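Structure first, then comments.
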Amino acid sequence: MSDHTRYLTRDFGRALTSWKFIQGEFSGALSTFLIALPYSICYGLIAFSPFGPQSITAGIWAGLIGSFVLGLSTPLLGGTPGLMSVSRASTAIIFASLMETLLHHGMSPEVAITLGFVAVALAGLLQMLLGVFRIGILVKYIPQPVTSGVVTAAALLIILSQLSPIAASFAASADGLLGSRLAPIGLMIFVVVLILSINRFKSRVPAALAGILISTALYHFLISVYAVNLGDTFPAFTVNANTFLHHWQHLPAAVIDRFGENVLAVFTAGCAISVLSSIDVMIAGAVHERLSFQRGDGNRDLIAHGWANILCGFVGGLPGGASITCTLNCHKAGGRTAVAAVLAAFLLMAFVLLVGESLDYLPEMVVAGMLVVVGIEQIDRPFLQQISRLLQGRFLHWRAIAPDLALTSLVVLTGLVFNLVAAIGSGIVWALIYFAILQARAFVRRTHYGDITRSRTYRDHASEQYLNTHGRRICILELDGALFFGSADQLHQHINSLAGDGVQYIILDMRRVSSIDITGVEALKNLHYQMGARDLILAVSHVAEERRESAPDQEIFRGEQKRKHWESREIWQKLKENEALDVICLDHFFADTDAALAACEDRILADAKTQASTVMKTPPVVLNGLSKQEIRQVRAQASRVQFSRGSQIFRQGDVSNDVYFLLRGRADIIIDLVGTDRKIRIHSLRPGTLFGEMALLDSRERSATVVAAENCDCYRLSVASYQQLKKESPQLVMKLLENIGHLFADRLRDANALVRELEK
């Protein structure tokens, strides 16, 4: 038995045995029913509005049966308990838009309705697949301006659908404002003001239901007492056995009657309904998580709502999704489980079967006013607030919000001029274009030069001074985002400008590059060719090598080690498969930026002939101010030692009893991260550098490990020899300590300069 089935069994069992439990669930169900009833009727009228007044009964039934099926099936099919689902305004607008398209193509109303419910079932199938393949999270990545624009466009379309017939009526009659049409419009305005006023005072009775009841009573009072012309009421609403499945009898005609011309319209509408319903589910699910303090499963909710929408299409109900309003009010009234949703669904169906025929007392203008209220409530509030603040000049940095406002406005206009399907599509397309532009503009995140940003390599004083002067020939470009067609050209332009400023070495730091396409690969290859023609050097860092190629023995990896060493490296693979590694050469790829920077520094020093073979012609800074006799005296106390490649000169945690001077070779300073098996190289040592000098100041444990990266030749001065030298020549020791202090000061200045560069 699954967890969901066990929870359902427990909750319905409690409903049979606990009066307090059923009281809370029934209160939540009643609250949901009172809210869903008027809105379901209105959404049905919106969906079937293209067919005219003769479709009122069919529209009301479709809205009510849709809310019934959604409310009953989603909690039973795996939806989150306490999440209330009903028909939705946005999906009703999509359905109406599809009906208009099919009628425009010459379809009969019966066949158009059949194809409409085919689109509903298709939407449910797509929504279910989103959850099955666990890609429902992609719905959350639809840009918020697009969602805001679609919701606002749907709201305005609802309002215009009620106002446009009135405007047309007045345009056809010169005495319209003075004749009998004024009273019905007054009733509609009264309904709008009344519902909004009740909603503002937060009455316990749902504002929509209270407004409809009061307005309907007023309508019949004025009709019977004063014989005022306030418009007609709805025709009689009847339910019979054929109501559920009658639309499927037209399916053969829908397939034969020019169905091929309408496949695209049906499929597009199905996709739009699926997306809008999924957005409702995700947003309402997040609200329910904050209410219940329980983590929901978005993919499972999508599967449940997908099945529910398939059923809606099968029985002729409008599609929908989770409702924030119903969920909030149900939770506030005491509903917490699937029992409340099921009870609300049965209350809705009981009303239809027992009281449905009384809907012919409902005035048309009262429902028209209710629809205007629905539109007003659906308008995205943050969008209106931003427009208001912009018009009032209250934005200090209006350019920061201008792109989002422009995108939302574009989606709204597209929805009003064309339809919501076109609005969704155009909004996503423009959002992608804008994202590509932003990615291209911000692709070069930061630029560093080698005179300020230095590698973690300790060198002799002469080399350090030379790099301080000529390090600007090295430039580091921190890239951020995707290297694709939108950013490749911008990268080329940036590097061309650097080449004109005398930069000779360019390092591409790709640590933050998320992906690369074939255009980006070709851009790197072309960049290498162009830089080679101009005697420039290109280096690339932070491109993780494909571990399956570098693993010495693939059979040794098991479990976590197998995942770690066999992890796919997409960027490396694309570079290799498109021959970029062969063109640029592996020698130009480095594990990190520090290694690339150190290699470029070595090239500059090699060009200036300041490498290890000549570096000792300039006395190291630690021996500054010492006479030849004093140098010989220090050398007499020191011993010459050699270390083979890979051997440890000293280890982290050892007692500090020696100081070393690197004569030849290269060594790395490595620290062990406490509590893990990770090791990090923090510095490299080049000939002419002093290390382990803290042993002369205190005898604490070593803070790092020094490993010979190459065969190393060193002078070693023990603490005992230093103490002996201190007794024999205190003035000499004072000079040594002063020089060590200068070393510390230089390293501190370099660190401060790097911090200032990074904070720019």
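Nothing here was measured: the structure is a model prediction, and the numbers come from that model.
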Does the side chain of S278 come within less than 4.5 Å of L130's, by heavy atoms? yes
Hey, which of E464, E601, Q465 is the one that makes side chain to side chain donor-acceptor pair (under 3.5 Å) with R459? E601
With rounding to the nearest 0.5 Å, note down the distance linking CG in L663 to OG1 in T689. 10.5 Å
Taking every non-hydrogen atom, the tightest pair across I495 and M531: CG2-SD, 4.4 Å
One pair to check against side chain to side chain contact (heavy atoms under 4.5 Å, CB included): M694 and V659. What are the steps and the verdict? CA-CA 8 Å; M694 295 302 296; V659 61; over 6 Å; no
Is any side-chain heavy atom of E701 less than 4.5 Å from a side-chain heavy atom of V655? no
Is L717 close to F661 at the side-chain level, that is, under 4.5 Å between some pair of heavy atoms? no
Quick check against the 3.5 Å criterion: does H683 have a side-chain atom that pairs as donor or acceptor with the backbone of I669? no
Check this for me, if you would: do E522 and K525 make a salt bridge, where the nitrogen-to-carboxylate-oxygen distance has to be below 4.0 angstrom? yes
Heavy-atom pair of closest approach, residues A482 and S514: N-OG, 3.8 Å
Between Q530 and H492, is the side chain to side chain contact (heavy atoms under 4.5 Å, CB included) condition met? List the steps. CA-CA 10 Å; Q530 293 176 10; H492 270 282; 3.7 Å; yes
Any heavy-atom pair between the side chains of V151 and I279 that's under 4.5 Å? no
Below 4.5 Å, heavy atoms only, C-beta onward: do S684 and Y458 meet side chain to side chain? no
On a heavy-atom basis, which atom in S644 and which in A708 lie closest, and how many Å separate them? O-CB, 3.5 Å
Trace of the side chain to side chain contact (heavy atoms under 4.5 Å, CB included) decision for I507 with C600: CA-CA 9 Å; I507 302 173; C600 293; 4.0 Å; yes
Once side chain to side chain contact (heavy atoms under 4.5 Å, CB included) is applied, do any residues pair with S703, and if so which ones, sequence neighbours excluded? none
Heavy-atom closest contact (C475 atom, V503 atom, distance): CB-CG1, 3.6 Å
So, for A596 and A539, which heavy atoms are closest and what is the spacing to 0.1 Å? CB-CB, 4.4 Å
Does CZ in R603 sit with more than 12 non-hydrogen atoms of other residues, nucleotides or ligands closer than 6.0 Å? no
Find out whether H542 and D592 are in side-chain contact, i.e. whether some heavy atom of one side chain is under 4.5 Å from a heavy atom of the other. yes
By side-chain hydrogen bond (donor to acceptor under 3.5 Å, both in side chains), which residues pair with T593, not counting sequence neighbours? D509, S541
Ion pair R666/E710, N-O distance below 4.0 Å: yes
With rounding to the nearest 0.5 angstrom, report the CG to CD1 distance, D668 to I682. 10.5 Å
Classify the ring geometry of Y660 against F691: parallel below 30°, tilted from 30° to 60°, perpendicular beyond 60°. parallel
Locate the shortest heavy-atom distance separating V521 from A580; write the atom from each residue and the value. CG1-CB, 3.8 Å
Distance-only, no hydrogens or angles: does the N711 side chain make a donor-acceptor pair with backbone N or O of R645 under 3.5 Å? yes
Gap separating the CD1 atom of I474 from the CD1 atom of I452, nearest 0.5 angstrom: 12.5 Å
Do T705 and R702 meet the criterion of a side-chain donor-acceptor pair at a distance under 3.5 Å? no
From H528 atom NE2 to L536 atom CG, the distance as rounded to the nearest 0.5 Å: 11.5 Å
Taking only residues two or more places apart in sequence, or in another chain, which ones meet A599 in a side chain to side chain contact (heavy atoms under 4.5 Å, CB included)? F590
Presence of salt bridge, R686 and D602, under 4.0 angstrom: yes
Can you tell me which residue among V540, V543, I584 is in a side chain to side chain contact (heavy atoms under 4.5 Å, CB included) with L575? V543
Test item: T453 side-chain N/O and G450 main-chain N/O as donor-acceptor pair under 3.5 Å: no
Cationic N near anionic O, under 4.0 Å, K576 to D582: no
Using atom types as modelled and distance alone, determine if a side-chain donor or acceptor of H288 lies under 3.5 Å from a backbone N or O of A284. no
Derivation of the side chain to side chain contact (heavy atoms under 4.5 Å, CB included) call for I506 and L527: CA-CA 11 Å; I506 294 178; L527 190 60; over 6 Å; no
Return the orientation label for the W572 and F589 ring planes: parallel under 30°, perpendicular over 60°, tilted otherwise. perpendicular
Within the supplied structure, the quantity of interest is the number of heavy atoms (other residues, nucleotides, ligands) at a distance under 6.0 Å from R651 CZ; does it exceed 12? no
Are N468 and R454 linked by a side-chain donor-acceptor pair shorter than 3.5 Å? yes
May I ask you to test the N578-I518 pair for a side-chain heavy-atom distance under 4.5 Å? yes
Is a side-chain N or O of Q504 found less than 3.5 angstrom from the main chain of I537, in a donor-acceptor match? no
Look up atom OG1 in T152 and atom CZ in R381, then write down how far apart they are to the nearest 0.5 Å. 9.5 Å
Checking side chain to side chain contact (heavy atoms under 4.5 Å, CB included) against P145, which of T408, V150, L410, V411 comes through? T408
If you define the side chain from C-beta out and look only at heavy atoms, does anything of I476 sit under 4.5 Å from L597? yes
For the atom pair OG (S148) and CG (D404), what is the distance rounded to the nearest 0.5 Å? 9.5 Å
Around atom CD of Q648, are there more than 12 heavy atoms of other residues, nucleotides or ligands at under 6.0 Å? yes
Ring-face cation of R472 near Y449 (centre distance under 6.0 Å, axis angle within 45°): yes
